[in-house]
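It should be emphasised that the depicted structure is a prediction, and the values quoted were computed from it without experimental measurement.
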Amino acid sequence: MQNVTRRTKYIRNINQVLEIPEAERRALERVTDKFAFRVNDYYLSLIDWSDPHDPIRQLIIPREEELNDWGKLDACNESSITVARGVQHKYKSTVLLLCNEVCSAYCRYCFRKRLFMRYNAEVNVDIMEGIQYIRENPSITNVLLTGGDPLLLSTSRIASILYALREIPHVQIIRIGTKTCAFNPWRFLDDDDLIDLFERISRSDKRLYLMMHFDHPRELTQPAVEAINRCIRAGAILCNQCPMIKGVNDNAETLSELFNLLSFIGCPPYYMFQGRPTMGNMPYNVPITRGFQIFQEAGRSTSGLAGRARFVMSHETGKIEIVGLDDHSIFFRYHRAKNPKDVGRLMIYKRDDTALWLDDLKPVAV
């Protein structure tokens with residue numbers, strides 16, 4: 001990795017990425033006109049530009065195939081569980097607060113890319129309506145701050161949200177979903193106030209969870225590892241979750257390396273997601289059967305801690321774990337469910353090695 005300053009420079013115009021040939025940049029303008037583009041100099045420095053298939057490049061540089069007619073912007077019908085602007089309530093004990101509509105960089109495979117498009121009105125920077133909703137529903141014990149990336153907010157703004165949540169007695173767990181550590185570790189290394197905030201919020205009886213997002217081992221640079229260490233020393237509990245992405249981590253060697261490294265540094269894998277059928281994302285999605293086989297093979301080369309992740313899909317009806325495969329069938333189980341009666345229910349579908357999503361499969365009568 002080349003030397004970069006600790007103050008990252010953000011790039012929002014594909015024509016500013018001079019490592020991409022001019023003709024290709026012109027072609028990609030059509031993509032960035034539809035799906036937002038944003039990156040910074042630190043993350044660009046991780047790319048091996050001599051390799052057209054470089055995995056970090058695949059993560060962040062647009063592809064013309066994103067314009068293929070495929071998928072939906074709201075692939076899992078999140079609008080159906082939106083109880084107020086920026087507030088999603090799908091599972092009885094858990095609420096999501098969409099508190100920011102910006103990320104350090106925009107992953108090309110993002111399942112919420114609609115938030116970064118023009119005229120989006122889903123996110124609510126003023127989350128007091130969401131705080132009130134949580135306060136009035138004592139069954140809610142778990143709150144996830146997401147978006148966008150909450151850690152792009154100012155530290156004082158993050159503090160106001162976290163303290164408001166800590167004042168609600170029935171909120172036991174606060175989670176922050178973030179990829180900032182991969183995109184800009186200086187956010188953690190250079191902001192002592194943020195680390196002090198984590199230390200105050202993460203109590204012995206009510207921990208703060210940071211749901212990190214690393215997709216490839218090369219994102220685990222020395223600054224990123226140091227940033228993770230600062231968060232751990234502040235008392236936060238760290239986990240990692242990521243999707244399986246074509247051309248990035250869809251091979252067992254890469255995936256086992258990622259899982260092992262994450263376990264070594266105290267940020268063990270939590271969920272691995274099947275890519276959602278989101279508009280623009282077809283070039284990044286891996287068929288269910290192949291993804292499960294890769295996931296299983298990777299698990300053979302990991303320790304118990306590194307291999308405890310679940311391979312799931314966040315379906316409209318719930319979080320569905322892919323649990324088995326034979327010559328004729330794919331076996332699923334509801335890990336969490338919109339309908340509480342479905343939790344734990346086993347489902348069997350006819351095997352189809354081209355299927356990318358549950359809805360592409362035919363159920364088997366049992």
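- In summary, the side chains of Y91 and N142 do not present any donor paired with an acceptor at a separation below 3.5 Å, with no hydrogens or angles considered.
- In this structure the side chain of R175 reaches within 4.5 angstrom of the side chain of T94, judged on heavy atoms.
- Surrounding CG of D205 are more than 12 heavy atoms belonging to other residues, nucleotides or ligands, all under 6.0 Å away.
- Looking at heavy atoms from C-beta onward, F264 lies out of side-chain contact with L220 at the 4.5 angstrom threshold.
- Atoms SG and CG, on C267 and N229 in that order, are 12.0 Å from each other to the nearest 0.5 Å.
- Between Y106 and F116, the ring-plane angle classifies as parallel under the 30° and 60° cut-offs.
- I176 and M211 are members of different hydrophobic clusters when ILVMFWY side chains are connected at heavy-atom separations under 4.5 Å.
- For the residue pair Y42 and T221, a side-chain donor N or O sits within less than 3.5 Å of a side-chain acceptor on the partner.
- With ring centers used as reference points, Y271 lies under 6.0 Å from H335.
- The environment of M282 atom CE is sparse: at most 12 non-hydrogen atoms of other residues, nucleotides or ligands sit within 6.0 angstrom.
- Residue I322 holds its CD1 atom at 4.5 Å from CE of M313, rounded to the nearest 0.5 Å.
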- Task: Dump the intermediate steps for side-chain contact (heavy atoms from CB on, under 4.5 Å) on R336 and S93, then the final yes or no.
- Result: CA-CA 11 Å; R336 303 202 74 185; S93 63; 3.1 Å; yes
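- For the pair R63 and Y284, the cation sits on the ring face: its NZ or CZ lies under 6.0 Å from the ring centre, inside 45° of the axis.
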- Worked verdict on L197 versus I158 for side-chain contact (heavy atoms from CB on, under 4.5 Å): CA-CA 9 Å; L197 174 64; I158 298 169; 3.8 Å; yes
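- Taking both residues in full, the closest heavy atoms of N100 and D149 are given as ND2-O, 2.7 Å, listed atom of the first, atom of the second, then distance.
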- Message: Run the side-chain contact (heavy atoms from CB on, under 4.5 Å) test on L97 and V87 for me, step by step, so that the C-alpha distance in whole Å, both residues' side-chain angles and the decisive distance to 0.1 Å come before the verdict.
- Response: CA-CA 5 Å; L97 295 180; V87 184; 4.0 Å; yes
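- For E199 (side chain) and L194 (main-chain N/O), no donor-acceptor pair under 3.5 Å exists by modelled atom type.
- Within 6.0 Å of atom NZ in K246, 12 or fewer heavy atoms from other residues, nucleotides or ligands are found, so the atom counts as exposed in its surroundings.
- Atom CZ of R233 has 12 or fewer heavy atoms from other residues, nucleotides or ligands within 6.0 Å.
- Linking Ile, Leu, Val, Met, Phe, Trp and Tyr residues whenever their side-chain heavy atoms come within less than 4.5 Å leaves V312 and F331 in two separate clusters.
- Cation-pi contact between R108 and F35: absent, since separation from the ring centre below 6.0 Å together with deviation from the ring axis within 45° is not met.
- Across A306 and P269, no two heavy atoms sit closer than the pair O-CG, 3.0 Å.
- One side chain, T155 or D191, offers a donor N or O that lies under 3.5 Å from an acceptor on the other.
- Under the 3.5 Å distance criterion, the side-chain polar atoms of Q274 are left unmatched by any main-chain donor or acceptor of E321.
- Listed for the D196 side chain is no donor-acceptor partner under 3.5 Å among the backbone atoms of A234.
- Taking every heavy atom of both residues into account, L255 and A298 meet most closely at CB-CB, 3.8 Å.
- Cluster annotation: L145 is not connected to I173 through the hydrophobic network of ILVMFWY side chains, with a link wherever side-chain heavy atoms come within less than 4.5 Å.
- In the model, N137 has no side-chain atom that pairs as donor or acceptor with a side-chain atom of H170 under 3.5 Å.
- Using modelled atom types, one finds a donor on one side chain and an acceptor on the other under 3.5 Å when comparing R135 with Q132.
- Taking the side chain as every heavy atom from C-beta outward, H216 and D54 never approach each other to under 4.5 Å.
- Residues R112 and T146 have side chains that bring a donor and an acceptor to within less than 3.5 angstrom of each other.
- We find that R230 and D192 are joined by a salt bridge, their nearest charged nitrogen and carboxylate oxygen being less than 4.0 Å apart.
- Between W186 atom CH2 and N40 atom CG the span is 11.0 Å, to the nearest 0.5 Å.
- Listed here is the closest heavy atom pair of G148 and L115: N-CD1, 3.8 Å.
- Side-chain contact of E226 with Q222: a donor-acceptor pair under 3.5 Å is present, judged by distance alone.
- Distance alone, capped at 3.5 Å, places no donor-acceptor pair between the N15 side chain and the R26 backbone.
- Remark: M212 CE to L262 CG distance equals 10.5 Å, nearest 0.5 Å.
- Residues C181 and I228 are in side-chain contact: their nearest non-hydrogen atoms beyond the backbone lie under 4.5 Å apart.
- Relative ring orientation between F295 and F311 is described as parallel, the plane-to-plane angle staying below 30° on a 0-90° scale split at 30° and 60°.
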- Item | Trace of the side-chain contact (heavy atoms from CB on, under 4.5 Å) decision for V323 with F292 | CA-CA 8 Å; V323 294; F292 181 75; 5.8 Å; no
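- Although no hydrogens or angles enter the test, the distance criterion places a donor-acceptor pair under 3.5 Å between the side chain of T82 and the main chain of E78.
- Relative to the ring axis of F111, R276 places its NZ or CZ within 45° and under 6.0 Å from the centre.
- Under a hydrophobic clustering in which Ile, Leu, Val, Met, Phe, Trp and Tyr are joined whenever their side-chain heavy atoms come within less than 4.5 Å, directly or via other members, Y163 and Y209 fall into different clusters.
- Contact between N285 and G275 at its shortest, heavy atoms only, is ND2-O, 3.6 Å.
- For the pair R310 (side chain) and M272 (backbone), a donor-acceptor distance under 3.5 Å is absent.
- Between R57 and E24 a salt bridge is recorded (basic side-chain N to carboxylate O distance below 4.0 Å).
- Side chains of R290 and D353 form no contact here, defined as non-hydrogen atoms less than 4.5 Å apart.
- Cluster membership check: Y10 does not share its hydrophobic cluster with F37, using side-chain heavy-atom separations under 4.5 Å among Ile, Leu, Val, Met, Phe, Trp and Tyr.
- Between L153 and I161, the closest side-chain pair of non-hydrogen atoms falls below 4.5 Å.
- Taking a 6.0 Å sphere around CZ of R345, one finds it holds more than 12 heavy atoms contributed by other residues, nucleotides or ligands.
- S202 places no side-chain N or O within 3.5 Å of a backbone atom of F198 that could act as its donor or acceptor partner.
- Contact check for D215 versus Y109: side-chain heavy atoms found under the 4.5 Å cut-off.
- Using a 4.0 Å cut-off between a side-chain N of Lys or Arg and a carboxylate O of Asp or Glu, K179 and E219 qualify as a salt bridge.
- Counted by atom type alone, Y334 and T317 present one or more donor-acceptor pairs between their side chains at under 3.5 Å.
- Atom-to-atom distance recorded for R351:CZ and I288:CD1 is 11.5 Å, nearest 0.5 angstrom.
- Residues C231 and L238 approach most closely at CB-CD1, 4.0 Å, considering heavy atoms.
- A distance of 4.5 Å separates CD in Q241 from CZ in F273, rounded to the nearest 0.5 Å.
- Residues I232 and I265 have side chains not in contact (no heavy-atom distance under 4.5 Å, counting atoms from C-beta outward).
- Side-chain atoms of Q172 come within 3.5 Å of backbone atoms of P169 as a donor-acceptor pair (strictly under, hydrogens ignored).
- Checking side-chain atoms of N260 against main-chain N and O of E257 turns up no donor-acceptor pair under 3.5 Å.
- Atom NZ of K206 is surrounded by more than 12 heavy atoms from other residues, nucleotides or ligands within 6.0 Å.
- With 3.5 Å as the limit, one finds no donor-acceptor pair spanning the side chains of D41 and T8.
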